[in-house]
Amino acid sequence: MTKSEVAAVLEEIGTLLELKGENPFKIRAYVNAARAIETFGGNISDLQDEEALGKIPGIGKSIALKIKELAATGSLKYLQELRAEFPAAILELFSISGLGAKKIKALYEKLQISSIEQLLKACETGRVAELPGFGETTQAKICKAIEERTRHSGYFQFGQIAHEAETLRSDFAAHPDALHTEVAGSYRRRKEIVHDVDLLVATKKPETITKFFVGHSLVESVIAQGPTKSSVRLRSGVQCDLRVVSTAEYPFALAYFTGNKEHNIELRSRALKRGWTLNEYRLAPLPVDAKAKKKKPANKIPKVRDEADLYRAVDLDFIPPELRENWGEFEAAEKNAIPKLIEKENLRGTFHCHTLASDGHNSLEEMAEAAQALGLEYLGIADHSRSQIQAHGIDEKKLFAQVAAIRKLNKKFDGFRLFAGVECDILRDGSLDFPDEILSQLDFVVASVHSALGLSEAEMTGRMVRAMENPFVTMLAHPTGRLLLKRESYQIIIPAILDAAARTGTWIELNAAPKRLDLDWRWWPMAKQKGVKCVINPDAHRAERLQDLWFGIGIARKGWLTKTDVMNCLPLGKIEHALRAKRER
DNA sequence: GCCGTTTTCGGCCCGACTGTTTTCAGTCG
């Protein structure tokens, strides 16, 4: 049983308790515990170790016992009993926006509705509108939400909505009444998956800004519109919320809406400890009445002009938005230990790009030109190897023709260089698609898995470790193989992969393609600790997709990486040596 | 159900918007 499976069970218990109308704080305890176990970074090798579980903040005696039972027997009596009280399909009703536990409970008790299909039927026959607390409008909204749900999941890859988000940002930035503009929320934290866009604007003319927003050409429909908050659906299908505040409120709102939730709770609790209350508008003294007798006089409230002032007010260094996940950033900010995160400008080159030779859409020359236009000093070409039939994998002959073409082109460049490589398939047994004699003639080798994806955890891990043990394999590409919102990771033991990478001197790719963003940011602190080096690659199949590097930078920052952790921050003069280091060991 | 540099009992983040109400409950973030 994995941590996330345990978290899913706790989450489900929370939902079922909500349906039962249980004490809201008990419900929150389960939801919190689910989050706690999922995000817990430390070692819990044994989920049956009740004592260790209980030490995780948010998990107490009762929940620790339940986790233990779950880990030991694979099931949980308490959950079985809860499930027995409701039809199984009822949980899917929670995926409809606008429906929460109270409404679902009413639908179930009054109309015996327990599935989306039944709900749609009841809406169409007008029975929902007749329920107390519901009405014609609510019924129509439910119909629309069901329709929306079938059109898209409500979750988007960061890259799918980045263009709209940036367009809105720049359009507001150019608006004369918008004094400050930022896209906050999970977008600003550079989460790989976002489900809405949070736009924040400081202004003296809220009505004008709101009007401009709901009338924007990217807006498909308006969901809600009030004096300080409006919500719309954009053309891509993503929901976008606008918050309008004053300039004085802006830094508080920016921090508040950048989140995440756990980060905000910690920030507020730090304010409370200093005798203040923090919300999205201001830092204010605590109300004097409540249990104030023993209390020492509240500290003077400092002036806050930007986010850095706010963090300073609670005795913290500034925390970059990407780190605001309550994932160790508070401890680091207290000890002046927030690293100087990598920036886009630090990247000097990149590897793992495709050309017309395999399944890319541009020539060597076009890829090189695009790389130079981005200010890069070098670009590594790595087309697919021969066994990738569907991706037009190249054979030995084509590969050497490309190497020759690259060597020839390099004579023309000034201050720029192409490196000749290959994206070599890792075969089922961990051997490589080309023999060492061929690989040794290349500047670098990207190794990756594209076949036999269903191997067991032990087999898949062993396969990758064996590939990394090859001295000519410079880097391991998209290590988990996940396709965001589409395909889960292969079954692999990532710490074992990282250990092998550290031992063999193999770089691990941070694949910057927005559908991958693999290796995931959550693993990079561990990778770094083990001494593993990162390489940020776009896996570009078109020249313009080299720009995906920007997504990779966001994830690298989110993974606490600095420029010294990322090999392709090395300048041209040093990267060549670094590429040879492993094979010369 | 969890938690404690205010507390082992009594809190637990809280504000915005909508729709159905006629002062508020429900949902969301």
Side-chain angles (χ1 to χ4, degrees), chain A residues 10 13-14 17-18 21-37 53-67 78 93-107 128-142 145 154 184-186 194-200 206 210 222-232 239-245 249 252-253 256-282 284 286 290-296 298:
Chain A
L10 296 174
I13 292 175
L17 290 176
E18 252 192 299
E22 264 281 5
N23 172 6
F25 298 108
K26 183 172 170 180
I27 295 164
R28 192 186 299 169
Y30 276 97
V31 176
N32 284 345
R35 286 296 300 232
I37 192 132
L53 287 169
K55 283 192 186 131
I56 301 174
I59 295 180
K61 209 169 179 187
S62 166
I63 293 183
L65 265 174
K66 293 195 172 73
I67 296 174
Y78 183 58
L93 294 177
F94 282 89
S95 67
I96 294 169
S97 104
L99 282 191
K102 299 278 166 58
K103 288 211 166 104
I104 291 172
K105 194 172 183 223
L107 289 165
V128 169
E130 292 162 9
L131 287 181
F134 291 71
E136 289 290 340
T137 319
T138 303
Q139 180 171 274
K141 272 200 152 177
I142 292 173
S186 51
V194 297
H195 79 276
D196 62 3
V197 173
D198 292 301
L199 195 60
L200 181 67
T210 300
V222 179
I223 298 167
Q225 186 179 345
T228 65
K229 182 189 168 183
S230 321
S231 297
V232 300
Q239 181 174 327
C240 178
D241 299 335
L242 169 76
R243 289 286 188 144
V244 187
V245 296
E249 292 163 341
F252 299 99
Y256 186 90
F257 291 114
T258 299
N260 70 358
K261 195 172 150 189
E262 285 74 18
H263 179 95
N264 287 347
I265 289 172
E266 176 61 25
L267 206 56
R268 274 196 298 272
S269 99
R270 292 185 70 97
L272 279 175
K273 280 178 195 152
R274 287 158 181 79
W276 311 320
T277 156
L278 172 66
N279 62 18
E280 62 259 61
Y281 302 119
R282 62 191 61 85
L286 276 174
K291 304 181 226 162
K293 287 167 208 155
K294 291 185 278 181
K295 200 146 192 262
K296 23 180 187 169

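The chains referred to below are lettered A, B, ... by the order of the sequence lines, with proteins before strands, and numbering in each begins at 1. Values below: all heavy atoms of this structure, side chains included; hydrogens, waters and symmetry mates excluded. Given the structure is predicted, the values throughout are model-derived calculations rather than measurements.
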Choosing from [options], which nucleotide comes nearest the side chain of [X]?
X       : options                   : result
D241(A) : dG29(B), dT20(B), dA16(B) : dG29(B)
H195(A) : dG29(B), dG1(B), dC17(B)  : dG29(B)
K229(A) : dC28(B), dA16(B), dG29(B) : dA16(B)
A29(A)  : dG15(B), dG29(B), dG1(B)  : dG1(B)
D198(A) : dG29(B), dC2(B), dA16(B)  : dG29(B)
A224(A) : dC12(B), dC17(B), dC2(B)  : dC17(B)

> Mapping G226(A) and L278(A) to their closest nucleotides on DNA chain B, which lands nearer the 5' end?
Replying inline: L278(A)
> Given that K141(A) and G54(A) both sit by DNA chain B, which one's nearest nucleotide is further toward the 5' end?
Replying inline: G54(A)
Please state how far atom [atom1] in [X] lies from atom [atom2] in [N], giving the value in whole angstrom units.
X       : N       : atom1 : atom2 : answer
I223(A) : dA16(B) : CD1   : P     : 19 Å
N32(A)  : dC2(B)  : CG    : P     : 10 Å
F134(A) : dC24(B) : CZ    : P     : 21 Å
E262(A) : dG29(B) : CD    : P     : 15 Å
K105(A) : dA25(B) : NZ    : P     : 16 Å
I37(A)  : dG1(B)  : CD1   : C1'   : 15 Å
I96(A)  : dG26(B) : CD1   : C1'   : 16 Å
R35(A)  : dC12(B) : CZ    : P     : 21 Å

Categorize [X] for me: base, sugar-phosphate, or nothing, with a 4.0 angstrom heavy-atom threshold over every strand shown.
X       : answer
I27(A)  : nothing
I63(A)  : sugar-phosphate
P24(A)  : nothing
A101(A) : sugar-phosphate
F257(A) : nothing
E136(A) : sugar-phosphate

Rounded [atom1] spacing from [N] to [M] in Å:
N       : M       : atom1 : answer
dG15(B) : dG10(B) : P     : 25 Å
dT20(B) : dT27(B) : P     : 13 Å
dC17(B) : dC12(B) : P     : 24 Å
dC14(B) : dC9(B)  : C1'   : 23 Å
dG11(B) : dA16(B) : C1'   : 25 Å
dG1(B)  : dT6(B)  : P     : 27 Å
dT18(B) : dT23(B) : C1'   : 15 Å

Considering just the side-chain nitrogens and oxygens of [X], establish if one lies under 4.0 Å of OP1 or OP2 belonging to [N].
X       : N       : answer
K103(A) : dG26(B) : no
Y256(A) : dA16(B) : no
S230(A) : dC17(B) : no
T137(A) : dT20(B) : yes
K102(A) : dA25(B) : no

>> Tell me if dT7(B) is syn or anti. Syn = glycosidic torsion within 90° of 0, anti otherwise.
In response: syn
[Y] side chain reached by [X] side chain, heavy atoms, under 4.5 Å:
X       : Y       : answer
E249(A) : R282(A) : yes
Y256(A) : N279(A) : no
V128(A) : T138(A) : no

>> Taking atom types as they are modelled, would you say the side chain of N23(A) forms a donor-acceptor pair with the base of dG1(B) within the 3.5 Å cutoff?
In response: yes
>> Looking at every heavy atom in both A64(A) and I59(A), which two are closest together, and how far apart are they?
In response: N-CG2, 3.8 Å
>> Quick check for you: to the nearest 0.5 Å, what is the distance between D241(A) atom CG and I223(A) atom CD1?
In response: 7.5 Å
> So how far is it from L53(A) CG to K66(A) NZ, rounded to the nearest 0.5 Å?
Replying inline: 13.0 Å
> Going through the checks in order, is the side chain to side chain contact (heavy atoms under 4.5 Å, CB included) test met by R35(A) and N260(A)?
Replying inline: CA-CA 12 Å; R35(A) 286 296 300 232; N260(A) 70 358; 3.7 Å; yes
>> Run L278(A) and F252(A) through side chain to side chain contact (heavy atoms under 4.5 Å, CB included) and show every step you take.
In response: CA-CA 8 Å; L278(A) 172 66; F252(A) 299 99; 3.8 Å; yes
> Applying a 3.5 Å limit to both distances, which nucleotide forms a Watson-Crick or G-U wobble pair with dT8(B)?
Replying inline: none
